[in-house]
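Data block below; observations after.
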Amino acid sequence: MQSEPEVTVRLRFAPSPTGYPHLGNIRTALFNWLFARHHNGKFILRIEDTDVTRRVEGAVETILDSLRWLGLNWDEGPYFQSQRLPIYREIVHKLLDEGQVYLCYCSPQRLEKMRQEQIKRKQPPKYDRRCRDLTQRERTQLEAMGVTPVIRFKTPLAGETTFLDLIHGLVTFKNDTLDDFILLKSDGYPTYHLANVIDDHLMAISHVLRADEWLSSTPRHVLLYQALNWQAPQFAHLPMILGPDRAKLSKRHGATTITEYQKQGYLADAMVNFLALLGWSLDDHTELLSREDLIKHFSLERVGKTAAIFNKDKLEWMNGVYLRALSLGEFVQQAMPFLDRDLPETVKRPLDNDYVSQVLSLIQERAKTLADVPQLASFFFDDVQYDAGLLLSKKRDAKSAAKAMTIASQKLEEITTWDATTIEDVLRPLATKLNLSTGELFGLLRIAITGRTAAPPLFQTMAILGKGKCLERINKALQLLSGLC
RNA sequence: GCCCCUAUCGUCUAGAGGCCUAGGACAUCAGCCUUUCAAGCUGAAGAUCAGGGGUUCGAAUCCCCUUGGGGGCACCA
């Protein structure tokens with residue numbers, strides 16, 4: 001027996017509710033989830049709401065909705081850091097007693113000015129440690145002036161900090177390039193650095209999978225773990241997802257909130273599959289992987305190091321693949337809300353499930369997203385509207401078009417069994433008789449019936465639409481044609 | 001300015017010294033199928049593996065430098 005139960009694997013997704021989650025955030029969540037599930041571990045959700053000023057209304061709900069939509073179920077949480085303030089304070093005060101941190105009374109204004117000057121002198125902007133060695137007297141004085149201090153970490157002045165990143169390997173930072181970062185803000189809230197270290201330890205997180213942007217703050221965290229005499233978790237910094245302009249994804253360039261993709265008609269499974277392939281791959285040819293496949297095969301060794309620009313075309317393609325793989329029943333179920341939402345108000349609700357099902361059997365392989373469905377299927381529900389000129393072509397003047405349609409109409413009228421085969425049996429020979437190519441005749445009818453030049457197969461369309469509607473529309477086309485004669 | 005990460009087709013990627021005259025996918029183009037569209041199938045084009053030095057019998061793969069890209073340097077996460 002060499003397989004031990006890996007009960008110690010505990011991963012967390014720790015978003016901050018300062019905005020709505022985008023592709024990059026969720027990709028991080030997905031990798032954490034996949035890693036946890038692969039190792040039969042736990043996936044924990046923690047909300048890092050320690051910035052009161054940047055809190056965004058509804059962000060937490062959107063985060064939860066996003067995870068639920070994609071099926072990234074969590075085992076614990078959500079924990080809220082704002083509810084754990086006493087824990088952070090207690091620990092940071094212990095550090096204060098030990099002299100590993102110190103009170104800093106510098107005003108934000110002074111710090112800002114200091115930074116400006118450093119930048120002007122082409123120096124790296126770093127806190128100048130003015131308060132690091134204050135005497136008790138000086139402290140009392142400042143305190144008396146009513147200055148609320150922050151607590152800073154006493155970063156070692158020399159030496160270096162090295163840690164093993166599971167994706168990047170060993171990474172080393174010289175300690176003198178780090179400054180004395182703030183642990184506790186003057187409003188009593190911890191900074192990210194403090195809270196994430198404490199919580200990851202207290203929540204027994206075994207692996208921290210987060211975006212690459214955190215790599216440079218990891219030495220601070222490592223130093224903190226050392227100061228607290230705690231064992232640091234394993235780190236793995238994931239490649240970032242960049243916008244089309246190659247810059248970090250942000251609201252600025254329309255970093256779409258993940259739930260927006262749901263509204264745009266993407267399937268959760270397709271999204272998960274697609275996201276998994278942004279920075280991870282199974283081999284040199286597998287593109288389509290089910291959730292189970294992903295869990296089974298996911299590993300950090302196969303996570304890449306280079307940032308990726310997300311390719312919407314490929315997402316669309318993949319969504320189409322997933323859409324087509326659905327059973328008709330599932331497709332109907334998924335598409336129904338979109339029909340409800342986007343079909344013109346004049347279309348009677350509720351939509352008839354049977355009819356919708358027939359219609360969608362023709363739409364399914366033509367839709368790339370569920371949001372395409374109403375538009376692709378609209379003529380099945382609503383009257384057709386088109387430019388009469390469409391009925392004409394180089395080889396087809398108004399007169400011959402009218403003639404063709406009149407005869408077609410008569411022939412169709414005679415049909416008693418209204419199904420696709422019968423309709424085809426009637427119309428196909430008619431083309432020859434009228435000395436038209438099948439394309440010509442069917443194209444003409446297609447416009448009359450659907451109002452467009454590109455539509456699902458004509459005979460099936462007509463069969464579903466029903467005899468009455470078809471004849472009615474041919475009639476309408478005839479009227480339009482008479483106006484052109 | 002300093003620090004860190006990184007570098008294979010337009011994009012996502014395979015490649016862990018010889019299997020690579022670099023493979024797959026999306027997108028693009030062409031053909032087939034066909035009543036249009038879509039789907040499907042076939043094929044094409046597309047990467048001097050950023051550049052330059054090494055190491056080696058042999059490098060996309062290892063090392064160094066340069067360059068490019070990204071990230072970080074807040075009482076934001």
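Hydrogens, waters and symmetry mates play no part in the numbers below; they use all other heavy atoms, side chains included. Just so we're on the same page: letters track the sequence lines, and every chain starts at 1.
Distance check on atom P: B/C62 versus B/G15 gives 12 Å, rounded to whole Å. Only the P atoms considered, B/G43 is 31 Å distant from B/U61, to the nearest whole Å. Look at the P atom in both B/U48 and B/U11: the space between them is 12 Å, to the nearest Å. Straight-line distance between the P atoms of B/G10 and B/G46: roughly 11 Å, to the nearest whole Å. Distance noted for atom C1' between B/C64 and B/U28: 40 Å (whole Å). Between B/C65 and B/A7, the distance separating the two P atoms is 15 Å to the nearest Å. Taking atom P on both B/C37 and B/G31, the two are 12 Å apart, rounded to the nearest angstrom. B/G52 and B/A60 have their P atoms separated by 12 Å, with the value rounded to a whole Å.
Both A/Arg246 and A/Thr453 lie near RNA chain B, and the one whose nearest nucleotide falls closer to the 5' end is A/Thr453. If A/Leu315 and A/Asp51 are placed on RNA chain B by their nearest nucleotide, the residue sitting closer to the 5' end is A/Leu315.
Among the atoms of the strands shown, base atoms are found under 4.0 Å from some heavy atom of A/Cys106. Using a 4.0 Å heavy-atom distance criterion, A/Leu458 is classed as a base contact. Within the 4.0 angstrom heavy-atom criterion, no nucleotide atom of any strand lies near A/Arg110. Using a 4.0 Å heavy-atom cutoff across all strands shown, A/Thr50 reaches sugar-phosphate atoms only and no base atom. When heavy atoms are screened at a 4.0 angstrom cut-off, A/Thr172 is found touching the sugar-phosphate backbone but no base atom. Contacts of A/Glu287 with the nucleic acid, taken as non-hydrogen atoms under 4.0 Å apart, include base atoms. A/Ala455 comes within contact range of at least one nucleobase, with a heavy-atom separation under 4.0 Å. Nucleic acid contact class of A/Pro456 (heavy atoms, under 4.0 Å, all strands): base. Within the 4.0 angstrom heavy-atom criterion, base atoms lie near A/Val150. In this structure, A/Arg324 reaches the sugar-phosphate backbone alone: every heavy-atom distance under 4.0 Å involves primed, P, OP1 or OP2 atoms, never a base. Using a 4.0 Å heavy-atom distance criterion, A/Lys122 is classed as a sugar-phosphate-only contact. Backbone-only engagement by A/Arg152 is indicated by non-hydrogen atom pairs under 4.0 Å involving sugar-phosphate atoms exclusively. Residue A/Pro17 is out of contact with every strand shown, counting any heavy-atom pair closer than 4.0 Å. Contact annotation for A/Arg452: no contact, since no heavy-atom pair falls under 4.0 Å across all strands.
Of the charged side-chain nitrogens involved, at least one lies within less than 4.0 Å of a carboxylate oxygen, so that A/Arg115 and A/Glu112 count as a salt-bridged pair. Note on A/Asp313 versus A/Lys368: no salt bridge recorded, every NZ/NE/NH1/NH2 to OD/OE distance being 4.0 Å or above. A salt bridge between A/Glu316 and A/Lys314 is absent, with no side-chain N of the basic residue lying under 4.0 Å from a carboxylate O of the acidic one. A salt bridge does not link A/Arg12 with A/Asp199: every distance from a Lys NZ or Arg NE/NH1/NH2 to an Asp or Glu carboxylate oxygen is 4.0 Å or more.
A side-chain contact (heavy atoms from CB on, under 4.5 Å) with A/Ile447 is found for one member of A/Leu390, A/Asp387, A/Leu480 and no other, namely A/Leu390.
Figure legend: A/Arg27 and A/Phe31 shown as a cation-pi pair, the cationic atom lying under 6.0 angstrom from the six-membered ring centre and within 45 degrees of its axis. Cation-pi contact between A/Arg152 and A/Tyr127: present, with separation from the ring centre below 6.0 Å and deviation from the ring axis of at most 45°. Taking the ring centre of A/Tyr79 as origin, the terminal cationic atom of A/Arg46 falls outside the region bounded by 6.0 Å and 45° from the ring axis.
Aromatic rings of A/Tyr266 and A/Phe274 (six-membered ring for Trp) have centroids beyond the 6.0 Å cut-off, not under it.
With a cut-off of 3.5 Å on both Watson-Crick or G-U wobble distances, the partner of B/C26 is given as B/G10.
Once you apply a 4.0 Å limit to the heavy atoms of chain A, the touched nucleotides of RNA chain B run 5' to 3' over B/G1 to B/A77.
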